[in-house]
Asker: 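What follows is a single structure, and I will ask about it in a moment.
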Amino acid sequence: MKQDVLIIGGGVIGCSIAYHLAKQGISVTILERDHIAAHSSSAAAGMLGAQSEMEKPDPLVDLSLQSRKMFPSLQEELFNMTGIDIELNPAGILKVATTDESKERLKQRGKWQREIGQEAYWLDERELCEKEPKLKGAQGALFLPNDHQVSAPKLTIALAKGAMQCGARLIEQSEVIEIKRDKDQIISVRTKSTTFFAAQVIIAAGIWSSEIGKLCGFHLPMVPLKGESLSIIPPYPMIHHTIFAENGYLVPKADDQIIIGATEIPSERSADVSAKGIMSLLQAAIQLVPELIQAKWGRCWAGIRPDTIDQKPYLGKIPDFKNLFVACGHRRNGILLSPITGKIMAEMVMGKSVDISSDFKVDRVMSGRGEFI
């Protein structure tokens with residue numbers, strides 16, 4: 001089968017790239033080893049934490065702010081095209097302080113974020129109580145009104161459906177088992193049932209991107225970061241904002257459930273959920289909002305976040321290849337960064353000039369011999 005672009009990976013990143021390419025009339029096929037949004041993209045709580053996730057000014061902050069800005073128009077565009085509401089919730093995030101140390105750290109974070117032109121307001125205990133009366137034990141919070149949240153699974157599915165409505169093809173249950181190269185060019189990609197030929201190939205397979213790299217003949221350093229989460233359903237709405245504390249977060253969703261997450265277990269690929277992890281999350285949540293003890297149990301799950309050695313994504317062309325690109329390693333910010341990643345990668349593949357920080361270029365992890373380190 002021939003197409004202009006072949007994308008390996010049907011998570012939120014791969015689907016966003018496909019969507020942006022297909023809108024430009026590019027022939028695109030997505031190969032997904034399982035099904036759309038099967039892994040990290042459905043496990044995510046959907047926070048758009050361009051400010052809440054960032055400790056200091058950094059190129060990743062700039063990229064995140066650009067991407068966050070794209071969501072309102074993307075929500076409208078996807079709804080008009082697919083009928084899927086990605087449930088953009090504009091209530092904002094409360095970054096909660098429970099100790100003197102965290103209080104001072106959050107105040108400093110608010111200071112530098114205001115200096116770069118972002119909204120960040122410190123709320124004392126009284127002001128915080130006015131916003132979230134059920135929240136207990138906090139010394140205050142940094143209120144980030146522009147850090148919104150979405151439904152991660154619905155966003156991924158909407159991007160996939162939008163891409164297909166623009167002509168893209170999606171092939172699920174299609175694991176890549178062989179990639180042939182001729183010197184500096186990928187010439188074919190084979191699954192168990194079909195061989196594909198494409199002018200350009202993009203690796204967007206999350207934590208499995210390193211395995212795809214091996215099939216191409218190079219080592220792409222990836223670090224698995226397991227996260228466990230759970231959901232509960234309170235008898236009535238108890239919180240209205242996303243509450244982000246040092247030991248977890250509470251994200252109220254449109255269907256009345258609250259997602260509680262997430263543990264962080266480095267270097268573990270197992271998607272099993274541990275009793276220890278769930279117990280620690282529940283205890284932290286109930287300590288923040290004691291009335292949550294009345295809630296009904298929803299479910300629990302785990303996802304493997306695709307991390308990198310320096311905790312920054314890989315975006316761009318693989319050095320020494322003419323037609324091979326990569327977009328992976330978004331860690332816990334894949335949902336947030338999906339719009340800008342789709343736009344950037346589409347422009348690169350179409351040969352447009354893209355101004356991107358060297359922090360995200362793949363050759364930052366290459367030695368002088370042209371091998372990945």
Asker: Taking NZ in Lys69 as the centre, count heavy atoms belonging to other residues, nucleotides or ligands within less than 6.0 Å. Is the count above 12?
Answerer: no

Asker: Any donor-acceptor pair under 3.5 Å linking the side-chain atoms of Glu132 with those of His241?
Answerer: yes

Asker: Kindly check if the number of other-residue, nucleotide or ligand heavy atoms within 6.0 Å of NZ (Lys253) is above 12?
Answerer: yes

Asker: Should we count CD1 of Ile187 as having more than 12 external heavy atoms under 6.0 Å?
Answerer: yes

Asker: Could you check whether Tyr19 and Glu77, counting side-chain N and O atoms only, form a donor-acceptor pair closer than 3.5 Å?
Answerer: yes

Asker: More than 12 non-hydrogen atoms from neighbouring residues, nucleotides or ligands closer than 6.0 Å to CD on Glu130, yes or no?
Answerer: yes

Asker: Counting distance only, does the side-chain N/O of Trp297 pair as donor-acceptor with the main-chain N or O of Ser231 below 3.5 Å?
Answerer: no

Asker: Write down the atom of Arg109, the atom of Ser52, and the distance for their closest heavy-atom approach.
Answerer: NH1-O, 2.6 Å

Asker: Look at atom CD of Gln287 and say whether more than 12 heavy atoms of other residues, nucleotides or ligands are closer to it than 6.0 Å.
Answerer: no

Asker: Can you sort out the partners of Lys317 under side-chain hydrogen bond (donor to acceptor under 3.5 Å, both in side chains), two or more places apart, ordered by chain and number?
Answerer: none

Asker: Answer whether the closest heavy-atom distance between the side chains of Ile233 and Asp255 falls below 4.5 Å.
Answerer: no

Asker: Determine yes or no for a side-chain-to-main-chain donor-acceptor pair under 3.5 angstrom, with Glu228 supplying the side chain and Ser274 the backbone.
Answerer: yes

Asker: Is it the case that the side chain of Ser67 and the backbone of Leu63 share a donor-acceptor pair, with hydrogens and angles ignored and the cut-off at 3.5 Å?
Answerer: no

Asker: Do Ile186 and Lys322 have side chains that approach each other closer than 4.5 Å (heavy atoms only, starting at C-beta)?
Answerer: no

Asker: Taking the inter-plane angle between the rings of Phe143 and Tyr121 on a 0 to 90° scale, is it parallel (under 30°), tilted (30 to 60°) or perpendicular (over 60°)?
Answerer: tilted

Asker: Check the pair Lys352, Glu347 against salt bridge (charged side-chain N to carboxylate O under 4.0 Å, His left out), reporting the backbone distance first and the verdict last.
Answerer: CA-CA 5 Å; Lys352 295 182 179 181; Glu347 290 175 348; 5.3 Å; no

Asker: Does the pair Glu119 and Arg114 meet the rule for a salt bridge (charged side-chain N to carboxylate O under 4.0 Å, His left out), with working shown?
Answerer: CA-CA 6 Å; Glu119 292 184 72; Arg114 288 189 295 274; over 6 Å; no

Asker: Taking all atoms of both residues into account, what is the closest heavy-atom pair of Ala327 and Ile17, and its distance?
Answerer: CB-CD1, 3.8 Å

Asker: Given the ring of Phe244, does Lys95 sit roughly above its face, with NZ or CZ under 6.0 Å from the centre of the six-membered ring and within 45° of the axis?
Answerer: yes

Asker: Does a sphere of radius 6.0 Å around CD in Glu76 hold more than 12 heavy atoms from other residues, nucleotides or ligands, not counting ones at 6.0 Å or beyond?
Answerer: no

